[in-house]
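Please read the structure below before turning to the comments.
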Amino acid sequence: MIERNSGFANLSAGYLFPEVAKRRRAYQEAHPDAKIISLGIGNTTEPLTPHIAKAMADYAASLGTKEGYSGYGDEQGLSELRGKIAEVLYPGMAGADEVFVSDGAKCDIARIQTLFGRNVPVAVQDPAYPVYVDGSVIVGAAGKSCASGYEGITYLPCTAENSFFPDLSEVKPGTLIYFCSPNNPTGSASTREQLAELVAFARKNGCLIIFDAAYAAFIRNPKLPRTIYEIPGARSCAIEINSFSKLAGFTGVRLGWSIVPSEIQFADGTPVRQDWNRVMTTLFNGACNIAQRGGLAALDPEGIRETTSLVDYYLENAKLMQAALCGSNFAAAGVQVYYTGDSPYLWVKFPGWKSWDIFDYILDKCRVVTTPGSGFGPAGESYVRFSSFGHREDVQEACGRLSALSLERS
Ligand SMILES: *Cc1c(COP(=O)(O)O)cnc(C)c1O
């Protein structure tokens, strides 16, 4: 028979979300009348905004006419959209020919791994969004699994003790560093000084940063950088991956982009952008043309107004949750809420608890689903992630239940 890609055999089962769903189902079966509220998902819940939805609907209708029809477009994306992303989001920081439009950030993170051989060492923040590690395992770059995770991967703990910014001294020269800010799951948004340290380290040690900025639109503190290219020197050592998913509610529409500056080179002098262009034109066939019209509309002044208030809605949900989780019942149990107002996620530490125990406890007592922090990496143990993606009335009801929760374990 055909040989299996050994990367798949090395892959540890993706337990987190299936296990969350399983426990939720079991609870519902045991309590058929319980109204369970999910504060667990990283999926958007509110409708597309009118200006953007209309642009897509109008374009979809025009595809049904002889004049309006179009087939394949450029694999790198509509040149108008590439230009607009560069102009609106990266003024003076990146050019249109460095923007590659795609079907989403997760897909780009997966595809980008084909650029690097199996021998390139990888470093990730711990905890982290799972595709950085799992994608590396599939392409064979992570080595064998071991007690701490995978042999070929350096895990960089990001905890309250280090203000969620890792000690980079563990990272070997020539490493591919995945870095996500604002972070999923910790919600931490790195400061300019922290990102400057990251960029300086990468430049000094010949590392390449894959900077996942999927939550950049949630940054409200004007002092925080919204793109890695606000840091001088980043153009020679960082690729940015971004998406309309969280920015405009495009999780189902599917549209993202990557920025690969022309300066970045491999050790042999080949521009990385040249190979990325090859990957995008060979393994990808262009983002949906309807979605791209939505992306153009999202970057209009009207679209920007709309998406800003869409994101504000989730940020207000987060504030309500923060108030509930800072209540006297939680404070008395020593619970620490980490939230700065620049992300949709609250990262909450329950000292003395295991993540899955607090997950079960909150499900049982409040009928609220969260996400256990340990599922994102060992440094997430004893934390739980609360997501602000949800309808306001559900969030309010969940907050009421949480405020009444007693954390005294009998
Ligand atoms: C949601 C999310 C993405 C976005 O993925 P898409 O494929 O564009 O929907 C990327 N990175 C992180 C960390 C995310 O949480």
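Whatever order the structure lists them in is the order used to number ligands and atoms, beginning at 1.
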How long is the straight-line distance from CD1 of I85 back to CZ of F244, given to the nearest 0.5 Å?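 Those atoms lie 4.5 Å apart.
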Y313 six-ring centre to R392 NZ/CZ under 6.0 Å and within 45° of normal: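 Yes.
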In this structure, does ligand 1 have an atom that sits under 4.0 Å from one of the heavy atoms of [X]?
X    : result
F244 : no
G42  : no
T251 : no

Any N or O on Y132 sitting closer than 3.5 Å to an N or O of ligand 1? no
Ligand 1 to A105 polar contact by distance, N or O atoms, under 3.5 Å: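 Right, the criterion is met.
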For atom 11 (N) of ligand 1, which candidate among V131, D212, L247 holds the nearest heavy atom?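 Closest candidate by heavy-atom distance is D212.
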Describe, in one word, how the ring planes of [X] and [Y] are oriented to each other, choosing from parallel (under 30°), tilted (30 to 60°) and perpendicular (over 60°).
X    : Y    : value
Y132 : Y178 : parallel
Y314 : F389 : perpendicular
Y215 : F218 : perpendicular

For [atom], find the nearest protein heavy atom and state the residue, atom name and distance (0.1 Å precision).
atom                    : result
atom 15 (O) of ligand 1 : Y215 OH, 2.6 Å
atom 5 (O) of ligand 1  : K106 N, 3.6 Å
atom 7 (O) of ligand 1  : R254 NH2, 2.6 Å
atom 14 (C) of ligand 1 : K246 NZ, 3.3 Å

Do R293 and L78 have side-chain heavy atoms sitting under 4.5 Å apart?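 In contact.
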Side chain proximity check, F100 to R82, heavy atoms < 4.5 angstrom: yes
Are R273 and E98 within salt-bridge range, i.e. N to O under 4.0 Å? no
Output the list of atoms in ligand 1 that are nearer than 4.0 Å to some heavy atom of [X], sorted by atom number.
X    : answer
C180 : 13 (C)
G104 : 7 (O), 8 (O)
S243 : 6 (P), 8 (O)

Under 4.0 Å, heavy atoms only, figure out whether ligand 1 is touched by the backbone of S245, its side chain, both or neither.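 The answer is the side chain of S245.
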If you compare all heavy atoms of V311 against all heavy atoms of A217, which two are closest, and at what distance to 0.1 Å?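 Between these two residues, the closest heavy atoms are CG1-O, 3.6 Å.
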